[in-house]
Amino acid sequence: MAPDATILHADLDAFYASVEQLLDPSLRGKPIAVGGGVVLAASYEAKRLGVSGGMSGRRARELCPNLTFVGGHYADYQRLGDQVIDILRDFTPVVERISIDEAFLDVGGAIKLFGSAIGIAATIRRRVREEVGLPISIGVAGTKHLAKIASQVAKPDGLVVVPVGKEREFLDPLPVTLIWGVGPKTEARLAESGIRTIGELAATPGRSLKHLLGNAVGDKLSSLADNIDPRGVESGRRASSVGAQSALGKQVVTPDLLQTTLGFLADRVASRLRAAGRAGRTVTVRVRFADMRSVTRSTTMSGAISATSTLTEVAIELARVALDDHPTETSISLLAISVSHLADQAVLQLELPLGLADDARRPGSEKGAVRWVADRSADAVRLRFGRNAIGYASVLFSDVGHVPDEFRELAEGHGLTTPR
Amino acid sequence: MKFQVERDVFAEAVAWAARTLPQRPPVPVLAGLLLEAGSTGGALALSSFDYEVSANAEIDVTVAEPGRALVSGRLLAEISRSLPAQPVDVTVDGARVVLSCGSARFTLPTLPVDDYPTLPDMPSTAGTIGADVFATAVSQVAVAAGRDDTLPVLTGVRIEIEDDRVTLAATDRYRLAVRELRWQPERAGMSAVALVPARTLADTAKALTGGAQVSVALSTGDDAGAGQGLIGFAGKGAAGQHGERRTTTRLLDGEYVKYRSLLPDNCAAYAQVETASFVEAVKRVALVAPRNTPVRLTFTADQVLLEAGTGEDAQASESLDSLFESNDAPVEDFSIAFNPAYLLDGLQAVDAETTRLEFTTPTKPAILRGGKESESAAHEQDLRNDYRYLLMPVRLSG
């Protein structure tokens, strides 16, 4: 039986330029370039006129006289890129991020939960548009290489699916330049032999290709064109901790602020742990005061937790301890939560009600089991309708919960897996 | 000090006394084994102590010259274990102990015997218990004790003595094992409780099966005599015939959990399986359940279906004959999931040809006990095998 097309290549369209247009609405619909002396990225409006990355600023202006150059908001690129990757990770932990704005996913294990790969791709595109505000193109295929080609064909803002068995039909008419690793030089050499499309390349006997391009390159090209690509999606080594932080400007500490902010952060961290089937025993909270000095407090529990409300409770307690130890500090500029000592927790081992002091925080206690069910129901709703579809009341009805995107500097790293 | 001893007798006594020596002693002398050759008759006492556990063995030797010496226990145990079957001669020569056996000869440095701590006194004897029954009962219960030192109370076996009945209990939150048995109390109507480190208790009970009886020494709350906060056990070693073995262990502090209320009076349904074939089947399907992912059991009237593995992962299933009866309304089938390691622990501890599993709901504890109902009623009479293993199930998904 042929495997299904379950590999997605998700690639944000003209990423830097799209972010600039998102941050400054007056730039939307206009040809813009990020950079100055050299074009680092161009919006689709500029690309249409021939402007492309790597081009000199002067050449770009010649091609497009009303081109607007904008400075790079790098912190925002990282933040928004991370948000998009977080959305991808809501569907599967098997996410291989290959740069700030693109990643491979294998949704083979997620289909039972969320329906077909095509449905998942469409939901991802809608959620990225709605929650982050950026256009993203996705290619769906049976191999990584083909998925990448499909996403290039899908651009801008599209979705292209290559069903298993239809690869040759899809590939044959495409230009050889779409193959990963075929640059202008290789293209020119192939063109000299009359090879312009992938179909023509595939029809060329392996030996002539090797003669044309050298052994290694020739072998690689012919197997790629024949849709041979055994590489799996590598989600990277497992991380040892999961964290989230939120910069607050400068705010006076109130019980409300702690509840809301830590509740929001705990929700992000805990739901990411659950998505990966993990839980952690050690919780660390960092409090940064208005003068930028920061203190951390941590606690290790007898059992690993992944419940949002348990993590919120523990985090608030830790923040309280940190604040009580520094009674002269009345305002804070940042809160962060991190969970470490991670262990697998895909199923819930229930516990006997022994009446011990830590029962309420044990995942398998009666209370823990109620939270387990509640969290998983919320996770399921969010996977279908997006992160803001459901939340804990205290977070949801506050400003923070309603517009989490307004949280500045929400740099949470890359989640449960670290790209290599 | 100078004595001669039979090789097997010596090797076995050294092994017993060196058994509890710490791997990394906090002070060097605690790695030592104390040899004391008495002046009267021919007895050798071998002792070890690490402030938690003390062990002491007495064996018959031929004493030529009384005296005492402290040597590395681990080294002495290894040497005595590998000696040829010949009489062993041990002599202190200055700061060394010379051990010769046949043509083999060992010279060991001694440790400063004056620095060695005094071994605790044995508390007064509280009663005696059959050595085999005790070893079985302890192993049945200790399996459920916690191993996580963050909550020391759960690493112990709770011992409750009420006249001629002893109850042993242990739990690690996931399962609770309770065993009741009879013993011979020193004094009628006595009542006492103790919390003993489970691992030490299990090792001790196993090592004392050489004789018919084990005597238990426990200082009861009201007497401020010797051995406060200690429990002591005395009996014979595996080979039995040579002298006495004694050990003391410091009790764990803290209030034990109120476990009796967790033992339900009745159940909604029960199943009966043939223990050995059920164990084999669980082991087989658990091969595809890595890292304690669950084994799912579905009981129908005369069969149980075992399944493990989900989705893309490897999967396994197996059916076995079993009886299933519901006490309330008739039930078509009943499904419940367990951590296979915990389930196997319970099945093996039940120590009976057939195992009875009692259920309430798929999220409430199941009870494993030995035998058919009629037999288990009979057992309740004489407490020969009144054992219950409560096991919390695994909740599958949302």
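Below, chain A is the first sequence line, B the second, and so on; all start at residue 1.
The shortest non-hydrogen separation linking B:T171 to A:L354 is CG2-CD1, 3.9 Å. In terms of heavy atoms, B:Y174 sits closest to A:L352 at C-CD1, 4.2 Å.
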Side-chain atoms of residues 193-203 of chain B: list all donor-acceptor pairs with protein atoms under 3.5 Å, sequence neighbours left out, distances to 0.1 Å.
none

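With chain A as partner, the option from B:V257, B:V153, B:D172, B:L151 having the largest number of non-hydrogen pairs under 4.5 angstrom is B:V257. If you tally non-hydrogen atom pairs under 4.5 Å between each of A:A369, A:P353, A:G364 and chain B, the highest count goes to A:P353. Top candidate by heavy-atom pairs under 4.5 Å with chain A, chosen from B:L391, B:L262, B:D148, is B:L262. Ranked by heavy-atom pairs shorter than 4.5 Å toward chain A, the options B:K258, B:K364, B:R173 are led by B:R173.
At a 4.5 Å heavy-atom cutoff, the contact between B:P365 and chain A is made by side-chain atoms alone.
Shown here is A:E366, whose CD atom has no more than 12 heavy atoms of other residues, nucleotides or ligands within 6.0 Å. Counting non-hydrogen atoms of other residues, nucleotides and ligands closer than 6.0 Å to CD of B:Q303 gives a total above 12.
Note that OG of A:S302 and CG of B:L154 are 9.0 Å apart. Values are rounded to the nearest 0.5 Å.
Although no hydrogens or angles enter the test, the distance criterion places a donor-acceptor pair under 3.5 Å between the side chain of A:Q349 and the main chain of B:M392.
Counting heavy atoms from C-beta on, the side chains of B:V394 and A:L350 never come closer than 4.5 Å.
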